[in-house]
Amino acid sequence: MDSKRVRQNRGFTLIEVMVSFAIVAMIMTFMTSGLSVGLDTWERGTGAIRDMESRASVERLLRRQLALALNTEVAGATESFVLFEGDIHRLEFVAPYSLVDGSIEARKIDYRIEGGRFDYGERFLFDYRPDVSRPEELQPLATFSMVEFRYLGTDRNGELEWTEEWERGRGLPRAVQIRIDDDTMVVPMGY
């Protein structure tokens, strides 16, 4: 009887301790990998939300400024023309809405897409002269996989058609189509 009692007081065997450590290590591994997956999911979700907010801000700005595009002539220009011009990756026009100051006097607005980067620029009209050789100072607003502009006008027969280029002097298009990644929006112009 004494030998049983002595054996009970001796403690754990080395095998029991090793099995316990192995079980604790497996539990810690599962917890760490679960935490890692959770953090990765959180970061991806946060990034997706940030991208959606950036896109929504750009879309609101485009809608507001294009809807307010002015069908007026540029003061001080040597010839009379409406300043609205663009192609599939660039758009220039005059609008009384500034990204910085909100609703104010008219400004020349520039949008350019280069390598997925959506750039924005604006300048006061009194400081603007239509000179292609002078580059505009643009600031990046967002980055997208793809951005394209198209313009709704009339062909020679008076039929409506979408074009990928709008030349200065044609007035305002009837609408501007903006494709950002997989979404397309159409902004009607001041008709």
Side-chain angles (χ1 to χ4, degrees), residues 50-75 77 79-191:
R50 187 175 38 252
D51 291 347
M52 288 185 334
E53 287 175 349
S54 174
R55 180 193 199 130
S57 296
V58 166
E59 287 178 359
R60 278 192 305 273
L61 178 65
L62 283 163
R63 284 185 191 280
R64 178 164 288 170
Q65 284 186 328
L66 284 170
L68 295 172
L70 298 175
N71 196 9
T72 59
E73 298 172 359
V74 175
E79 60 183 79
S80 173
F81 63 90
V82 173
L83 181 63
F84 191 99
E85 177 179 28
D87 59 33
I88 199 163
H89 298 290
R90 177 186 57 84
L91 178 58
E92 301 176 22
F93 59 97
V94 174
Y97 185 82
S98 166
L99 175 63
V100 178
D101 302 324
S103 295
I104 55 160
E105 70 275 356
R107 298 215 178 159
K108 185 206 178 253
I109 307 296
D110 289 285
Y111 293 115
R112 286 207 172 82
I113 292 83
E114 292 183 26
R117 192 180 73 213
F118 189 84
D119 293 338
Y120 173 82
E122 64 179 54
R123 77 177 357 171
F124 290 106
L125 277 185
F126 69 82
D127 192 23
Y128 174 71
R129 297 288 179 257
D131 182 6
V132 179
S133 64
R134 184 174 155 195
E136 298 290 330
E137 294 181 25
L138 303 175
Q139 301 296 321
L141 281 185
T143 302
F144 301 109
S145 300
M146 193 264 311
V147 179
E148 293 179 347
F149 298 112
R150 294 181 68 213
Y151 311 94
L152 182 61
T154 54
D155 63 11
R156 292 183 178 140
N157 299 325
E159 300 291 323
L160 293 175
E161 72 172 346
W162 288 101
T163 63
E164 293 182 349
E165 187 171 344
W166 194 266
E167 296 165 355
R168 186 180 294 168
R170 284 183 65 186
L172 292 177
R174 294 182 180 271
V176 176
Q177 180 187 70
I178 303 125
R179 184 171 174 207
I180 300 176
D181 296 334
D182 294 330
D183 294 330
T184 302
M185 69 178 189
V186 175
V187 180
M189 302 302 287
Y191 280 91

J.: Do Glu59 and Ile180 come close enough that some side-chain heavy atom pair is under 4.5 Å?
T.: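 When only atoms from C-beta onward are counted, Ile180 and Glu59 do touch, with a gap below 4.5 Å.
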J.: Give the minimum heavy-atom separation between Val186 and Arg63, together with the two atoms involved.
T.: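 Residues Val186 and Arg63, closest heavy atoms: O-NH1, 3.9 Å.
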J.: Does any donor atom in the side chain of Tyr120 or Gln65 lie under 3.5 Å from an acceptor atom in the other side chain?
T.: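 Result is yes, a qualifying pair exists.
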J.: Can you check side chain to side chain contact (heavy atoms under 4.5 Å, CB included) on Leu62 and Met185, steps first, answer last?
T.: CA-CA 10 Å; Leu62 283 163; Met185 69 178 189; 3.8 Å; yes
J.: Once side chain to side chain donor-acceptor pair (under 3.5 Å) is applied, do any residues pair with Arg50, and if so which ones, sequence neighbours excluded?
T.: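 For Arg50, no residue satisfies side chain to side chain donor-acceptor pair (under 3.5 Å) once neighbours in sequence are set aside.
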J.: Among residues at least two apart in sequence or on other chains, which ones pass salt bridge (charged side-chain N to carboxylate O under 4.0 Å, His left out) with Arg64?
T.: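 Applying salt bridge (charged side-chain N to carboxylate O under 4.0 Å, His left out) to Arg64 gives none.
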J.: Which heavy atom of Val94 sits nearest to which heavy atom of Ala106, and what is that distance?
T.: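 Looking at all heavy atoms of both residues, the closest pair is CG1-CB, 3.6 Å.
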J.: In terms of the angle between their ring planes, are Phe84 and Tyr151 parallel, tilted or perpendicular, with boundaries placed at 30° and 60°?
T.: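 Ring orientation, 0 to 90° scale: perpendicular.
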J.: Just do the side chain to side chain contact (heavy atoms under 4.5 Å, CB included) check on Arg107 and Glu122 with the steps written out, would you?
T.: CA-CA 6 Å; Arg107 298 215 178 159; Glu122 64 179 54; 2.4 Å; yes
J.: Rounded to the nearest 0.5 Å, how far does CZ of Arg150 lie from OG1 of Thr184?
T.: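 It comes to 9.0 Å.
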J.: Can you tell if the side chain of Met146 reaches within under 4.5 Å of the side chain of Arg179, non-hydrogen atoms only?
T.: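 Answer yes - side chains close enough.
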J.: Heavy atoms, side chains only, cut-off 4.5 Å: are Leu61 and Tyr97 in contact?
T.: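 Contact flag for Leu61/Tyr97 side chains = yes.
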J.: Ile88 and Phe149: side chain to side chain contact (heavy atoms under 4.5 Å, CB included), yes or no, with the steps?
T.: CA-CA 5 Å; Ile88 199 163; Phe149 298 112; 5.8 Å; no
J.: Of all the heavy-atom pairs spanning Arg170 and Glu165, show the shortest one and how long it is.
T.: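 Of all heavy-atom pairs spanning Arg170 and Glu165, the closest is NH1-O, 4.0 Å.
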J.: Would you check, one step at a time, whether the test side chain to side chain contact (heavy atoms under 4.5 Å, CB included) holds for Leu160 with Leu152?
T.: CA-CA 7 Å; Leu160 293 175; Leu152 182 61; 4.1 Å; yes
J.: Find the distance between CD (Glu148) and CD (Glu164) and round it off to the nearest 0.5 Å.
T.: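 Glu148 CD to Glu164 CD: 7.0 Å, rounded to 0.5 Å.
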J.: Heavy atoms only: give me the nearest Val187-Ala67 pair and the separation to one decimal.
T.: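 Val187 and Ala67 have their closest heavy atoms at CG1-N, 4.0 Å.
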J.: Donor-acceptor pair, distance only, cut-off 3.5 Å: does the side chain of Trp166 make one with the backbone of Gly171?
T.: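 Yes; at least one donor-acceptor contact below 3.5 Å.
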J.: Which residues satisfy the side-chain contact (heavy atoms from CB on, under 4.5 Å) test with Arg60, sequence neighbours excluded?
T.: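 Ala56, Ser57.
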J.: Show the nearest heavy-atom pair for residues Gly116 and Ile113, with the distance to one decimal.
T.: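 So the minimum-distance heavy-atom pair works out to N-CG2, 4.3 Å.
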J.: Spell out, as yes or no, whether a donor-acceptor pair under 3.5 Å connects the side chain of Asn157 to the backbone of Glu159.
T.: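 It does not hold such a pair.
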J.: Which residues pass the salt bridge (charged side-chain N to carboxylate O under 4.0 Å, His left out) test with Glu161, sequence neighbours left out?
T.: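 Counting only residues at least two positions away or on another chain, Glu161 forms no salt bridge (charged side-chain N to carboxylate O under 4.0 Å, His left out).
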J.: Work out which heavy atom in Ala69 is nearest to a heavy atom in Met189; give both atom names and the distance.
T.: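 Heavy-atom minimum between the residues: CB-CE, 3.5 Å.
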J.: What's the separation between atom OG in Ser98 and atom CZ in Arg123, rounded to the nearest 0.5 Å?
T.: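 Rounded to the nearest 0.5 Å, the OG-CZ separation comes to 13.5 Å.
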J.: I would like to know whether Glu92 and Lys108 meet salt bridge (Lys or Arg N to Asp or Glu O under 4.0 Å); could you show each step before the answer?
T.: CA-CA 7 Å; Glu92 301 176 22; Lys108 185 206 178 253; 3.3 Å; yes
J.: According to ring-ring contact (aromatic ring centres under 6.0 Å, His included), who are the partners of Phe118, at least two apart in sequence or on a separate chain?
T.: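 If we apply the ring-ring contact (aromatic ring centres under 6.0 Å, His included) test to Phe118, skipping adjacent residues, the hits are Tyr111.
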J.: Report the residues that fulfil side chain to side chain donor-acceptor pair (under 3.5 Å) with Asp183, sequence neighbours left out, ordered by chain and then residue number.
T.: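 So Asp183 forms a side chain to side chain donor-acceptor pair (under 3.5 Å) with Arg55.
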J.: Got a second to check how far Leu83's CG is from Arg168's CZ, nearest 0.5 Å?
T.: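 Those atoms lie 5.5 Å apart.
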J.: Have a look at Leu91 and tell me which of Asp110, Ile109, Leu66 forms a side-chain contact (heavy atoms from CB on, under 4.5 Å) with it.
T.: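 So, applying the side-chain contact (heavy atoms from CB on, under 4.5 Å) to Leu91 and each of Asp110, Ile109, Leu66, only Leu66 qualifies.
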